[in-house]
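Written below as structure tokens is the structure these notes are about.
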Amino acid sequence: AITALLAALSALRQTAIKAVLAYSTISHLGFLLIGIGTGTTEYAYLHLITHAFFKCGLFLPAGAVIHALHEAQHHSGNHFDAQNQRKMGGLGRKMRLTMVCYIIFGAALAGLPLTSGFLSKDGIVLQAAGLFQWAPLLWIIPTFAVLASFLTAFYITRHGLLIFAGKPRMDKNTYAQVRKINWKMAIPLVLLALCSTWLSYSPLHPFHAEISWAGRLPDSIVGGEIALLPIGLTILALSAAGLAYMSWKNGAFFRENNASGFGRLLESHFFIDQLYEKYMAAAFLQLAHGLAWFDKRIVDGR
């Protein structure tokens, strides 16, 4: 639950197009472990499958955008960081199919109805919320899961708007050279988009995965007030998307360079990498040097 929340927070402040998706992946690994830890292994496995399709589907448009910008830079002679979202914008008019597929993948990641992410993620959150009924001290698990769900919808909407919407923030010559993807790129995108809808998982009922191969949650979980949680999560996701749109509309996303202390904490993903390098990695390197000395001097006698 902590992993799901911290990674979602970190994704809020990333500017590289693939970095947002990388932290999103870490966040959803947290959801998988929530499913396993709360005994919903079938839904954890379902989310592993659905997430494989829509997250792969998000990385492929990111790669297509980077490829298109590199090609455009080559022809225009103007060069900039092709992975920086703040240098993009307006690409939806140039890459319509890529944008449409991206919207489907983003909706699945946010867990909106009629997508595969809605079916798999809601089963996990429902089980976590059901635990709260008999163990109030476990409130932190569904709370963190719900917060991570809200942040997911916010950062993926932000991600898409910065890439595809509005006016281009690159020079006019480079933008004029941007081309749509070819059919070799389009085929896997369309196939992944189809696999990110509910059809492959719960064809009879798009609003609940309990009528699918993932099995059935206990009646004590899906009944009562807990059963209304998917509706609440959908409203929350749409609210987060609306908030992201309003922030994008008033230009808040383009003023993030002046980050506050908390903003810098998110940009550096809570300094976890730095702490790991300074303490964990350094300690293991010292151990490795010690073992190498022991091997050479004591074992080999040199």
Side-chain angles (χ1 to χ4, degrees), residues 1-12 20-56 58 105-113 115-156 196 198 201-202 207-210 212-237 240 266 269-270 272:
I2 293 171
T3 298
L5 182 59
L6 292 189
L9 285 168
S10 298
L12 291 175
V20 175
L21 303 178
Y23 281 105
S24 174
T25 303
I26 297 172
S27 179
H28 279 258
L29 287 174
F31 276 103
L32 288 175
L33 292 176
I34 291 173
I36 294 170
T38 56
T40 322
T41 53
E42 295 86 356
Y43 277 81
Y45 185 63
L46 177 63
H47 196 57
L48 175 66
I49 300 298
T50 60
H51 183 261
F53 285 114
F54 61 72
K55 185 54 65 67
C56 182
L58 285 167
F105 301 136
L109 178 70
L112 294 180
T115 67
S116 61
F118 174 83
L119 299 175
S120 58
K121 182 170 66 67
D122 279 14
I124 294 173
V125 179
L126 276 169
Q127 173 74 357
L131 292 178
F132 176 60
Q133 293 178 313
W134 56 268
L137 291 178
L138 295 179
W139 63 269
I140 193 169
I141 298 175
T143 300
F144 278 21
V146 169
L147 287 174
S149 297
F150 176 84
L151 294 173
T152 297
F154 183 90
Y155 67 65
I156 201 60
S196 297
W198 84 94
Y201 312 95
S202 185
F207 299 110
H208 209 297
E210 68 175 14
S212 74
W213 59 265
R216 175 179 284 275
L217 288 171
D219 292 337
S220 60
I221 299 298
V222 299
E225 296 176 355
I226 298 297
L228 299 176
L229 187 58
I231 299 174
L233 288 174
T234 299
I235 295 173
L236 202 64
L266 298 186
H269 36 90
F270 298 90
I272 291 175

N/O donor-acceptor pair under 3.5 Å between Ser24 side chain and Val20 backbone: no
Donor-acceptor contact present, side-chain Thr115 to main-chain Gly111, <3.5 Å: no
Nearest-0.5 Å distance that lies between atom CG in Leu147 and atom CG in Leu9: 8.5 Å
Point-to-point distance, once rounded to the nearest 0.5 Å, from CD1 of Ile2 to CG of Leu33: 12.0 Å
Closest non-hydrogen atom pair between Leu48 and Leu32, with its separation: N-CD2, 3.4 Å
Nearest heavy-atom neighbours spanning Ala148 and Ala4: CB-O, 3.7 Å
Leu29 CG to Lys55 NZ distance, which is reported to the nearest 0.5 Å: 8.0 Å
Side-chain heavy atoms of Phe31 within contact of Ser120, under 4.5 Å: no
Step-by-step side-chain contact (heavy atoms from CB on, under 4.5 Å) determination, Thr50 to Lys121: CA-CA 9 Å; Thr50 60; Lys121 182 170 66 67; over 6 Å; no
Close side-chain approach of Thr3 to Ile34, heavy-atom, < 4.5 Å: no
Which atom of Ala237 lies closest to which atom of Ala110, heavy atoms considered: CB-O, 4.0 Å
Leu233 vs Phe118, side-chain contact (heavy atoms from CB on, under 4.5 Å): CA-CA, chis, key distance, verdict: CA-CA 9 Å; Leu233 288 174; Phe118 174 83; over 6 Å; no
Spacing of Tyr201 atom OH and Ile49 atom CD1 [to the nearest 0.5 Å]: 7.5 Å
Spacing of CD1 belonging to Ile156 relative to CG belonging to Leu112, to within rounding of 0.5 Å: 11.0 Å
Shortest non-hydrogen separation from Ala145 to Val125 and the atoms involved: CB-CG2, 4.3 Å
Main-chain N/O of Leu6 paired with Ser10 side-chain donor or acceptor, under 3.5 Å: yes
Where Ile124 and Ala44 come nearest, the two heavy atoms and their spacing: CD1-CA, 4.1 Å
Distance (rounded to the nearest 0.5 Å) between Tyr155 OH and Phe150 CZ: 13.0 Å
Flag, side chain of Gln127 to backbone of Thr38, donor-acceptor distance under 3.5 Å: yes
Partners meeting side chain to side chain contact (heavy atoms under 4.5 Å, CB included) with Ser196 (sequence neighbours left out): Phe53, Phe54, Ile104, Phe105, Ala108, Ser116
